[in-house]
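Notes follow the structure.
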Amino acid sequence: MKVKEITQDDYEYPKKLLQIKDKPTKLYALGNIDLLNKTSIAIVGSRDCTEYGYKQAIKFAKELSQKNICVISGMAKGIDTAAHIGAKMNLGGTIAVLGGGFNDIFPKENESLFKEILEDGGCIISEYAPNIMHESIYFPRRNRIVAGLSDALLVVEAKHRSGTSITAKYAVKQKKIVYCIPSSLESKNAYGTSRLIQNGAKLVTSSNDILKDFGISMVKKDIETKKHVTIDKKYKEIYEKISHIPISINDLQKITNKNIVEINSAITMLELQGAIKQVGMNEYIRNEE
């Protein structure tokens with residue numbers, strides 16, 4: 001796939017980025033660049049997220065993308081990964097903003113996600129040329145683009161003084177609405193979201209809370225009506241290893257030889273689709289109700 005270079009004078013340059021300070025002079029893009037000027041929301045959060053946070057990020061991303069809202073994130077571990085997974089196969093699509101060039105995917109375990117985003121019609125961008133290696137100083141700067149590209153920001157878990165907090169500060173400066181999903185006060189990942197809510201961020205408990213602000217209605221049956229479940233080919237191998245007998249994630253990893261990120265992503269998507277359900281501690285069976 002050919003890399004497209006987009007400058008500020010090009011028609012394809014994101015109109016929302018033109019409105020921010022320190023906008024990138026050039027963007028390098030792969031995939032569907034039409035997404036760059038689409039109605040969108042950034043979903044960010046802790047790399048070291050909880051299972052609860054991971055599932056909520058996928059759920060919100062999926063439901064917002066189903067309503068044709070593009071989901072933007074930074075393709076980092078944790079919440080970023082979950083956001084891309086939830087959105088990438090739905091109508092709104094997803095955009096990943098990298099903190100380095102395309103030839104140096106970070107983290108390495110997300111190389112497969114990088115390919116899947118493009119295969120599913122998404123877009124990946126960076127202000128760095130393809131051969132530029134990632135550096136830690138690039139990621140905080142990357143966050144201004146994540147916030148700048150979006151119409152609003154959703155935070156799912158954030159620690160004290162985290163990269164997520166930096167993205168939220170950019171969003172506030174850019175006069176974007178910041179939403180937060182509440183977390184348990186006993187969680188180390190609750191500090192950032194709690195502080196944001198104290199400082200004016202909007203607490204949300206469902207995607208409908210966000211869709212109302214976007215002027216989109218979500219009928220209750222959109223979420224609750226169950227249809228025949230079609231298993232995506234990417235998750236079929238894992239689904240076929242799950243039966244009416246409980247099986248653990250560790251056993252699935254041994255049987256399929258896939259890495260834990262792929263297993264967790266597949267399990268979460270299958271569970272959200274209603275194809276499987278959890279029984280006991282990290283064990284799953286087919287949902288044949």
Quick one: do the [X] and [Y] side chains pair a donor with an acceptor below 3.5 Å?
| X | Y | answer |
| --- | --- | --- |
| Ser40 | Lys16 | yes |
| Thr81 | Asn110 | yes |
| Asp232 | Tyr239 | no |
| Ser265 | Tyr54 | yes |
| Asn68 | Lys38 | yes |

Output the distance between atom [atom1] ([X]) and atom [atom2] ([Y]), rounded to the nearest 0.5 Å.
| X | Y | atom1 | atom2 | result |
| --- | --- | --- | --- | --- |
| Ser73 | Leu149 | OG | CG | 11.5 Å |
| Met269 | Asn264 | CE | CG | 13.5 Å |
| Ile242 | His244 | CD1 | NE2 | 13.5 Å |
| Ile6 | Lys4 | CD1 | NZ | 6.0 Å |
| Asp151 | Ile210 | CG | CD1 | 12.0 Å |
| Ser184 | Tyr52 | OG | OH | 9.0 Å |

Note, [X] side chain near [Y] side chain (heavy atom, < 4.5 Å):
| X | Y | answer |
| --- | --- | --- |
| Asn37 | Tyr13 | no |
| Val155 | Leu196 | yes |
| Tyr170 | Ile20 | no |
| Ile124 | Tyr28 | no |

Give a yes or no on whether the backbone of [Y] and the side-chain of [X] come within a donor-acceptor separation of less than 3.5 Å.
| X | Y | value |
| --- | --- | --- |
| Thr256 | Leu252 | yes |
| Gln8 | Pro24 | yes |
| Thr50 | Gly53 | yes |
| Asn287 | Ala275 | no |
| Asn259 | Glu262 | yes |
| Glu157 | Ala190 | no |
| Asp80 | Arg47 | no |
| Asp120 | Met89 | no |
| Arg144 | Asp22 | yes |
| Asp209 | Leu203 | no |

Should we say atom [atom1] of [X] is surrounded by more than 12 heavy atoms from elsewhere, each under 6.0 Å from it?
| X | atom1 | answer |
| --- | --- | --- |
| Lys234 | NZ | yes |
| Leu185 | CG | no |
| Lys254 | NZ | no |

Q) What pairs of residues pass the ring pair (Phe, Tyr, Trp, His ring centres under 6.0 Å) test when at least one of them lies in residues 188-212, not counting sequence neighbours? A)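 Residue pairs passing ring pair (Phe, Tyr, Trp, His ring centres under 6.0 Å), neighbours aside: His160-Tyr191.
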Q. If you look only at pairs with a residue in residues 83-107, which of them pass as a ring pair (Phe, Tyr, Trp, His ring centres under 6.0 Å), with sequence neighbours excluded?
A.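 Every pair satisfying ring pair (Phe, Tyr, Trp, His ring centres under 6.0 Å) with a residue in residues 83-107: Phe106-His134, Phe106-Phe139.
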Q.
For Tyr11, does the six-membered ring have the charged nitrogen or CZ of Lys15 within the cation-pi criterion, i.e. under 6.0 angstrom from the centroid and within 45° of the normal?
A.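 Positive - Lys15 is close enough to the ring of Tyr11 and near enough to its axis.
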**Q.** Chi angles and distances behind the salt bridge (Lys or Arg N to Asp or Glu O under 4.0 Å) call for Glu127, Arg142
**A.** CA-CA 8 Å; Glu127 64 180 318; Arg142 178 270 311 275; over 6 Å; no
Q: Over all heavy atoms of both residues, which pair between Pro14 and Leu27 is shortest? Give the atoms and the distance, please.
A: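 For Pro14 and Leu27, the tightest heavy-atom pair comes out as CD-CD1, 3.7 Å.
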Q. Quick one: do Ile245 and Ile285 end up in the same hydrophobic cluster if we chain Ile, Leu, Val, Met, Phe, Trp and Tyr together by side-chain heavy atoms under 4.5 Å apart?
A.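 The answer is no; the residues belong to distinct hydrophobic clusters.
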